[in-house]
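Following: one structure in structure tokens, then a few remarks.
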Amino acid sequence: MSIIFHEKSGEFHLTNGKISYIMEIMENGQMGQLYYGKAIRDRESFCHLHEEMPRSLMAGAVESNDVLSMQYMNQEYPSYGTSDYRMPAFTILQKNGSRISNFTYRSHEIYQGKKGIEPLPSTYVENPGEAESLEILLADDLTGVELTLTYTIYADEAVITRHARFQNRGEEPVVLDRALSACVEFKDSDFEMIHLAGAWARERYVKTRKLEMGIQAIQSLRGASSSEHNPFLALKRPDANEKQGEVYGFSFVYSGNFIAQVEVNTHDMTRVTMGIHPEMFSWQLETGETFQTPEVVMVYSNQGLNQMSQTYHRLYKTRLVRGEWRDQPRPILLNNWEATYFDFTEEKILKIARKAKDAGAELFVLDDGWFGARNDDYRGLGDWYVNLEKLPSGIKGLSEKIEEMGLKFGLWVELEMVNKDSDLYRAHPDWVIGAPGRYESPSRHQHILDFSRKEVVDGIYEMISKIIRESKISYIKWDMNRYMTEPFSKGGTPEDQGKLMHRYILGVYDLYTRLTREFPHILFESCASGGARFDPAMLAFAPQTWTSDDTDAGERMKIQYGTSYVYPLVSMGSHVSAVPNHQMLRNTPLATRANVAYFGTFGYELDLNLLENEEIKQVKAQIEFMKKYRRLIQIDGDFYRLVNPFEGNDTAWMVVSKDKKEAIAAFYQRLNKVNASWLRLRLEGLDEEKLYQVTYHSGHANEEPKVVLEAYGDELMNAGLVIDRNELNRNGGDFASVLYTLKEI
């Protein structure tokens, strides 16, 4: 691994044997891109990759070269207004009203390791030899503003991270109207764009479109990264698939408003930009002040989408997630929400917990309704003190009783929100986000607390930390159940209003930081009506996220499949819920519900007391299976997508151990078929030379796993594994599944 600077040619080459990223200091002093892709050997100069020629009489040119027009150059961090008419990476409004900038090269620094960008979360290293970083300092002479572009290349992964930092060293304030984190440009447009889109209960569906001239973009203006568009996109060559072909991934480590945009100009040049959305963003920089953009993580793969995903999985599991839970398999839990909703007593909770303990669960989670006057979702939110009518021994006493059973205890909170019918709102009505004189739109009968204000974050911290200190809490589910409307801070000046939505997210990060540092043993799970804030930044504080409020196994196949494009299995909260399912009203076999939930954190979202004896036996067997294989699934294994649910009736995926000695594969069908064709499932990731014993797990009570085959890896990956449709019929037909484990013999 090395970052090489060729002083004579003014070129930077970032390479690690897997990828190369090459930049130049152009004739006008600005930074240009020459190449990004599979690693190429270094040379003294790549100047032949710099292309310029007269294109149009209409295009402007730089001062010293009437052919060099920024409109036709690949640039590192482009601006608008000096011969480039495409969408810029940044815009700086100056006191005289001008938005014209000219940032030129001043100096650079290359160093081992990677620096943090607090208070923003980012990827990290544990020792300097894991990565090398480059900081390029640019400056605009007229305004005195300095711009630092930072790049990190990891030694063992096809990963480059990017971010930018502005510092005002001039004599007058300036306003950042746009400050994106990264720009990458390609000389052609022969790509398909992949992104993850959806809505509540159908998050992160995989969408693919061919690039065309013009702008293709995804975004969020909701105050959160959102269910609608995840802060990720990938460009793949048209022939690329899961197993082969070139793919470029772009993932944004941020939890608020964002834009991810691909612009193709009329000469088929492609520009990718990603960062904080400029709408509702206006950041005044006084003299001496700095603004830091969030991080973009870029992954290159020349072996298809699965290699890209595995790279993200490894990096995010080990160098984004942090703390005591990073390398630990997750406890098997039971959450009472769909079992009781708001209607519970301490006796009822203890009864559910005892049954969970008998079945082999390790953690009981008390969901919404334990505090204030919270008997429905109209009132009580924000009053973080215990409802002693429901829980006479308090959270302290209940948590101690749960622990005496041999279970750990977890608690649900929604710290960013408030009902207007609450003691908190009556005491601090100005703490709610909302514009003066305007209607404050409720959602789920709740409003958003202004976390851009330190006193608000301090107040919530004091309330919830007191509960935690007094009790035995091992897990916290942190929910967020609405998007932002009427964005206005009642505690801010007019100039502050363009900072609100970013400062709000910084306030969320601040509260997470305080709580995770004070209570490092607690496993935090983030949630936002399910998956409305499933983004990399959240993983830096909460190593897992409730993937979706939709717990139906058939729907979860698509949701978890799409989520896996970027996020590791161990980050996906996945539970077995009751039937008929509370979101879809669908009945799916208990075995299938578990076979889907295994590929995540695993738990139960129901009252086990309501199950039949045969079902309880199944549950006990499921928990035993997950305890045996969870380290492989969650921590040590590599995930492979085998059959795409967005392309047909079936879904399949598998996990393979690093040494390729063990694997787990699952196949699912949605609707049953009459007199259907034969089924062969081609596996991936195995060792061609290893002989495997294939064991079938039916999921039926009192049925032991059954060895069905011995075969070498080459056969299983090429001829495939025969799927018995009779077994699918026996397992329920519609929404049936089959599960196999493989072990080297």
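For the pair R641 and Y565, the distance from NZ or CZ to the six-membered ring centre is under 6.0 Å and the angle to the ring normal is within 45 degrees. Both cation-pi conditions hold for R237 and F191: the charged atom is under 6.0 angstrom from the six-membered ring centre and inside a 45 degree cone around its axis.
Counting heavy atoms from C-beta outward, S9 and C47 have side chains that stay 4.5 Å or more apart. The shortest side-chain heavy-atom distance between M308 and L305 falls under the 4.5 Å cut-off. Proximity of L34 to M23: side-chain heavy atoms (C-beta onward) are nowhere separated by under 4.5 Å. Using a 4.5 Å heavy-atom threshold, the side chains of F258 and D535 count as separate. F646 places none of its side-chain heavy atoms less than 4.5 Å from the side chain of T208. Residues V253 and P294 are not in side-chain contact: their nearest non-hydrogen atoms beyond the backbone lie 4.5 Å or more apart. The shortest side-chain heavy-atom distance between L642 and E684 falls under the 4.5 Å cut-off. Under the 4.5 Å side-chain criterion, counting only non-hydrogen atoms from C-beta, N28 is in contact with M70.
Side chains of S101 and R99: a donor-acceptor N/O pair is absent below 3.5 angstrom, by distance only. In this structure, a donor-acceptor pair under 3.5 Å is present between the side chains of Q167 and R169. Residues R204 and T563 bring a donor and an acceptor atom of their side chains to less than 3.5 Å of each other. For the 3.5 Å distance criterion, the side chains of Y509 and S255 qualify, holding a donor opposite an acceptor. Remark: the H13 side chain and the R43 side chain contain no N/O donor-acceptor pair separated by less than 3.5 Å. Between the side chains of Y21 and R162, a donor-acceptor pair is found at a separation under 3.5 Å.
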side-chain contact (heavy atoms from CB on, under 4.5 Å) between Q292 and E118, intermediate numbers included: CA-CA 9 Å; Q292 171 67 59; E118 290 81 3; over 6 Å; no

Worked check of side-chain contact (heavy atoms from CB on, under 4.5 Å) between I100 and T82: CA-CA 7 Å; I100 306 305; T82 59; 3.6 Å; yes

side-chain contact (heavy atoms from CB on, under 4.5 Å) between V145 and N168, intermediate numbers included: CA-CA 4 Å; V145 177; N168 185 6; 3.9 Å; yes

Test log, rule side-chain contact (heavy atoms from CB on, under 4.5 Å), inputs S2 and T15: CA-CA 6 Å; S2 61; T15 186; 4.1 Å; yes

Side chain to side chain donor-acceptor pair (under 3.5 Å) between S441 and E486, worked out: CA-CA 7 Å; S441 306; E486 295 83 43; 2.8 Å; yes

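Nearest approach of M280 to P487, heavy atoms of both residues: CE-CG, 3.5 Å. Closest of all the heavy-atom pairs between G170 and T287 is O-OG1, 2.9 Å. Here the closest heavy-atom approach between residue P278 and residue I259 is recorded as CD-CG2, 4.0 Å. Between P536 and P231, the closest heavy-atom pair is CD-CG, 4.5 Å. What you find for R533 and M538 is that their closest heavy atoms are O-CG, 3.4 Å. Annotation for G113 and V125: closest pair CA-CG2, 4.2 Å, computed over non-hydrogen atoms.
Within 6.0 Å of atom OH in Y80, 12 or fewer heavy atoms from other residues, nucleotides or ligands are found, so the atom counts as exposed in its surroundings. More than 12 heavy atoms of other shown residues, nucleotides or ligands fall within 6.0 angstrom of atom CD in E286.
In this structure, E295 contributes its side chain and T123 its backbone to a donor-acceptor pair below 3.5 Å. Using modelled atom types, one side-chain atom of N257 and one backbone atom of R222 make a donor-acceptor pair closer than 3.5 Å. Looking only at distances, a side-chain donor or acceptor of Q33 sits under 3.5 Å from a matching main-chain atom of C183. At distances below 3.5 Å, not a single donor-acceptor pair connects side-chain atoms of N306 with backbone N or O atoms of S309. A distance-only check finds no donor-acceptor pair linking the side chain of Q310 to the backbone of D638 [under 3.5 Å]. Using a distance-only test at 3.5 Å, with no hydrogens or angles considered, a donor-acceptor pair links the side chain of H313 to the main chain of Y567. Using modelled atom types, one side-chain atom of E203 and one backbone atom of A201 make a donor-acceptor pair closer than 3.5 Å. Between the side chain of Q30 and the backbone N or O of M26 there is no donor-acceptor pair closer than 3.5 Å. Here the side chain of E185 pairs a donor or acceptor atom with the backbone of Q75 at under 3.5 angstrom. Formation of a donor-acceptor pair under 3.5 Å by the E44 side chain with backbone atoms of H6 is not found in this model.
In this structure, the separation between OG on S227 and CD1 on I559 is 9.5 Å, given to the nearest 0.5 Å. The structure places CD1 of I153 at 10.0 Å from OG1 of T161, a figure rounded to the nearest 0.5 Å. Interatomic distance, CG of L49 versus CG of N74, reported as 10.5 Å (0.5 Å rounding). Here CD1 of I92 is found 12.5 Å from CZ of R178. Values are rounded to the nearest 0.5 Å. Distance check, rounded to the nearest 0.5 Å: OG of S571 to CZ of F534 gives 3.5 Å. Within the model, atoms CG of L180 and CD of Q261 stand 8.0 Å from one another, a figure rounded to the nearest 0.5 Å.
Taking the centre of each ring, F291 and F90 stay at or above the 6.0 Å mark.
In this pair, Y254 and F252 present their aromatic rings tilted. The plane angle is within the 30 to 60° band. Between F639 and W653, the angle of the ring planes lies from 30° to 60°, which puts this pair in the tilted group. Under the 30°/60° scheme for interplanar angles, the aromatic rings of Y248 and F186 are found to stand perpendicular. Ring orientation note: the planes of F103 and F166 are nearly perpendicular, at an angle over 60° on the 30°/60° scale.
One finds a salt bridge joining R503 and D496 here, because a Lys/Arg side-chain nitrogen approaches an Asp/Glu carboxylate oxygen to under 4.0 Å. The residues E263 and R271 are annotated as not salt-bridged, no charged nitrogen and carboxylate oxygen being separated by less than 4.0 angstrom. Between R319 and E157, no side-chain nitrogen of the basic residue sits less than 4.0 Å from a carboxylate oxygen of the acidic one, so the salt-bridge criterion is not met.
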